[in-house]
Protein chains: 2
Amino acid sequence: MQDEGADDDVFRALADPARRQLLDRLHAQDGQTLGALCAGLAMTRQAVSKHLAILEAANLVATLRDGRRKLHFLNPMPIQSIADRWIGKYRRGAVRALADLKRNLEGEGR
Amino acid sequence: MQDEGADDDVFRALADPARRQLLDRLHAQDGQTLGALCAGLAMTRQAVSKHLAILEAANLVATLRDGRRKLHFLNPMPIQSIADRWIGKYRRGAVRALADLKRNLEGEGR
DNA sequence: TGATTAGGCAACTTTTTGGTTGCATATTAG
DNA sequence: CTAATATGCAACCAAAAAGTTGCCTAATCA
């Protein structure tokens, strides 16, 4: 009851280095066009376009049409949601980890 | 200079729902065997074994041999590292986002 | 208007990934 | 020792993902 589908798109989107790089670029300068985001990437424009579509579907990037151009904006909200909901859980458990390890090693009935 | 290869394994490992589920199971009870982790999952033992291997390669799971059994322990450290190093960056940028959006929309020389 | 610029769509190829089956190995119980 | 248990290894398969090429459409500039 914690990963019922919505977060999955975000995790998947973040899995690819090229897409993380695109997010980094938008973080450095927001509102770039597709062409600007392509510059210097060893990839065709269409490949970048697909990556951006995936990021957009995951709600990590919002777009805005301006004439013949399409501006791309970073939306860090889903990342924060994951950090709060999902990573927080493991952080809380982190302190217990070593204790658990010891307890399990000792108490294992073999 | 932030994603130079090590974090990539972690991102990739977290991309699959089945692997996140395995982490959740270890979070609920640490030190389980492969067989125990398989129980109730609509997957063969070998499939689970592969997932665990990926998690282990990403350093998210540590294993310990105990006779013919293999115990699996959750290691939340890489998750925390990512949260601190990578997600933190976007969180810092979040406040600026709307301001950036407005600025870009107005100042765009077309 | 004609040429150029920015981007979209769709088919296709290649790689990667998730999963399976079958067999092998090692430890433990009787 | 023999049987059962717990896991490992390797080949194979299918589906998804990443990337390409080719063509099309819509704005803008000269």
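Just so it is clear, the values below take in all heavy atoms, side chains as well, and ignore hydrogens, waters and symmetry mates. For clarity, every value in this text was computed on a predicted model and none was experimentally measured. So that the names make sense, note that chain A is the first sequence line, chain B the second, and so on, each numbered from 1.
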### Query
Is A:Arg69 paired with A:Asp66 through a side-chain N to carboxylate O contact shorter than 4.0 Å?
yes

### Given C:dG8, D:dG19, C:dT20, the nucleotide with the shortest approach to the side chain of A:Leu34
C:dG8

### Message
Rounded to whole Å, how long is the line connecting atom CG of B:Asp8 with atom P of C:dT16?
### Response
13 Å

### Query
Taking atom P of D:dA18 as reference, at what distance in whole Å does atom NE2 of A:His51 sit?
6 Å

### Query
How many Å lie between CZ on B:Arg12 and C1' on C:dG18, as a whole number?
14 Å

### Task
Test for a donor-acceptor pair under 3.5 Å between the base of C:dG8 and the side chain of A:Arg45, counting only N and O atoms.
yes

### Query
Rounding to a whole Å, what distance do you find between B:Leu41:CG and C:dG18:C1'?
14 Å

## Note on the structure
Of C:dA6, C:dT17, C:dG8, the nucleotide closest to the side chain of A:Arg69 is C:dA6

### Summary
Comparing nearest nucleotides in DNA chain D, the 5'-proximal residue of the pair B:Lys50, B:Gly35 is B:Gly35

### Message
My understanding is that only residues two or more places apart in sequence, or in another chain, count here; which of them pass salt bridge (Lys or Arg N to Asp or Glu O under 4.0 Å) with A:Lys50?
### Response
none

#### Entry: For B:Arg19, all residues meeting side chain to side chain donor-acceptor pair (under 3.5 Å), sequence neighbours excluded
B:His51

### Task
Test for a donor-acceptor pair under 3.5 Å between the base of C:dG18 and the side chain of B:Gln46, counting only N and O atoms.
no

### 5′-ward residue of the pair A:Ile54/A:Gly67 relative to DNA chain D
A:Ile54

### Query
Cluster question for you: counting only ILVMFWY and a side-chain heavy-atom cut-off of under 4.5 Å, with indirect links fine, are B:Ile82 and B:Ile54 together?
no

### Query
Roughly, in whole Å, what's the span from CG in A:Leu14 to P in D:dA18?
12 Å

## Note on the structure
Which of C:dT27, D:dT7, C:dG19 is nearest the side chain of B:Arg68? It is C:dT27

